[in-house]
Number of protein chains: 2
Amino acid sequence: MPKLQESNLTETAVPLDTAATRFRAWQEMGFDANRCPVRNVLDFIGDKWSTLILMSLAGGPRRFNEIIRAVPDISKRMLTQTLRSLERDGLVTRHVFPTKPPSVEYRLSQLGRSVLEPLDRLVGWAETHFATITRARQQFDANVIDEATGALTQK
Amino acid sequence: MPKLQESNLTETAVPLDTAATRFRAWQEMGFDANRCPVRNVLDFIGDKWSTLILMSLAGGPRRFNEIIRAVPDISKRMLTQTLRSLERDGLVTRHVFPTKPPSVEYRLSQLGRSVLEPLDRLVGWAETHFATITRARQQFDANVIDEATGALTQK
DNA sequence: CCGCATCCCATGAGATACTG
DNA sequence: CAGTATCTCATGGGATGCGG
């Protein structure tokens with residue numbers, strides 16, 4: 001296999017190339033899972049709630065039950081858990097006010113605010129291509145069914 | 001609660017604000033899960049392998065076993081599954097060559113290439129703040145332990 | 001009001017063995 | 001080579017009830 005050319009890029013494929021370069025860099029580092037940012041840092045996007053919570057906190061500090069009401073269907077258990085993990089990563093800070101009954105406020109840290117920019121781009125991409133992807137899925141599923149029934153009728 | 005001001009932004013808080021605005025827009029739509037792009041489209045970031053596969057395909061078309069070798073620890077089962085789901089979403093296309101034995105090539109679609117830009121930004125963020133987050137985690141865990149032992153010794 | 005503990009189920013994902 | 005099939009186990013996450 002010929003070596004990939006790292007320079008000589010005249011196309012508009014820059015993000016494509018930086019992604020590819022990044023990937024190869026990890027490969028050459030032996031892909032140590034402990035050092036792979038994708039695996040170690042991007043977990044919170046994966047889980048069901050973190051992104052929504054971060055976005056709701058983008059509007060300003062929120063109290064526990066405010067977030068409960070803002071984020072649909074989240075349970076207290078999962079909200080607690082997710083907030084803890086965001087706090088652990090330093091994206092969210094927790095402030096307890098000794099009122100009666102006590103109230104707790106969550107807000108984005110500097111780091112948490114900094115992730116909103118790339119995150120929002122991705123969410124923007126998702127919104128932009130939402131319809132396209134939905135159609136792609138429907139078409140794919142229809143084909144799968146067609147092939148299956150086609151195989152059946154051929155029997 | 002006073003209405004948030006959507007204009008009148010002199011700070012550098014633009015992404016923060018667009019995220020907040022987007023979030024409120026979803027809220028006002030009743031947060032129909034079927035219409036929430038975060039929940040419906042961003043799943044593939046969540047799963048363990050999609051991001052890595054997309055990044056490896058950023059370097060050009062790859063065959064099944066090439067990806068197996070490129071992505072560490074992925075099993076054939078999970079690679080098949082993940083590729084199917086990426087294909088279903090229209091991010092990846094599959095090309096079968098009737099050689100002997102048959103070979104199959106995967107490549108990014110136009111849509112797949114388009115997601116690489118926002119995705120790469122996020123990955124870049126992850127790389128940039130990897131060390132910070134790692135430290136935040138260690139400190140958080142240390143505090144948790146301190147508090148626990150502190151509580152114990154106080155008894 | 002905020003959060004923890006427990007129980008329980010659905011899904012994710014590895015290991016292994018088998019096919020066109 | 002490029003998958004499928006099956007088994008199995010770990011994790012995610014909902015429901016509920018208690019406690020400060």
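Side-chain atoms are counted along with the backbone in the values below, which use heavy atoms only and exclude waters and symmetry mates.
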N or O in side chain of A/K76 less than 4.0 angstrom from D/dG14 OP1/OP2: no
Atom pair distance, as rounded to whole Å: CD in A/E105 and C1' in C/dG3: 17 Å
Length of the CE-P vector between B/M78 and C/dT16, whole Å: 17 Å
Minimum-distance nucleotide to B/R77 side chain [options: D/dG13, C/dC2, D/dC7]: D/dC7
Length of the CG-C1' vector between A/L79 and C/dG3, whole Å: 10 Å
For atom CG of A/D47 and atom P of D/dG14, their distance in whole Å: 11 Å
Approximate separation, where rounding is to 0.5 Å, of A/M55 CE and A/D120 CG: 5.5 Å
Working for salt bridge (Lys or Arg N to Asp or Glu O under 4.0 Å), residues B/R84 and B/E87: CA-CA 5 Å; B/R84 281 292 165 284; B/E87 194 192 349; 3.7 Å; yes
B/R84 CZ - C/dA13 P separation (whole Å): 17 Å
Between D/dA2 (P) and B/I74 (CD1): distance, integer Å: 14 Å
B/R62/B/E105 ion pair, N-O < 4.0 Å: no
A/S75 side chain near D/dG14 phosphate (N/O to OP1/OP2, under 4.0 Å): yes
Sugar-phosphate, base or nothing in reach of A/F97, heavy atoms under 4.0 Å: nothing
Nearest listed nucleotide, side chain of B/W49, among C/dG20, C/dG14, C/dC4: C/dG14
Nearest-Å distance for atom pair CD1/C1', residues A/I68 and C/dC4: 14 Å
Whole angstrom value for the distance that separates P of C/dG14 from CG of B/D73: 8 Å
Reported CG-to-CG distance for the pair A/L86 and A/L79, which is rounded to 0.5 angstrom: 9.5 Å
Comparing A/P102 and A/Q81 on DNA chain D - which has the more 5′ nearest nucleotide: A/Q81
Which nucleotide in C/dC2, D/dC1, D/dT4 has an atom nearest any side-chain atom of A/F64: C/dC2
N/O (side chain, A/R63) to phosphate O (OP1/OP2, C/dC2) under 4.0 Å: yes
Most 5' of B/R69 and B/T80 on DNA chain D, judged by nearest nucleotide: B/R69
A/M29 with B/V123, same ILVMFWY side-chain cluster at under 4.5 Å: no
Side-chain N or O of B/K100 closer than 4.0 Å to phosphate OP1/OP2 of C/dG20: no
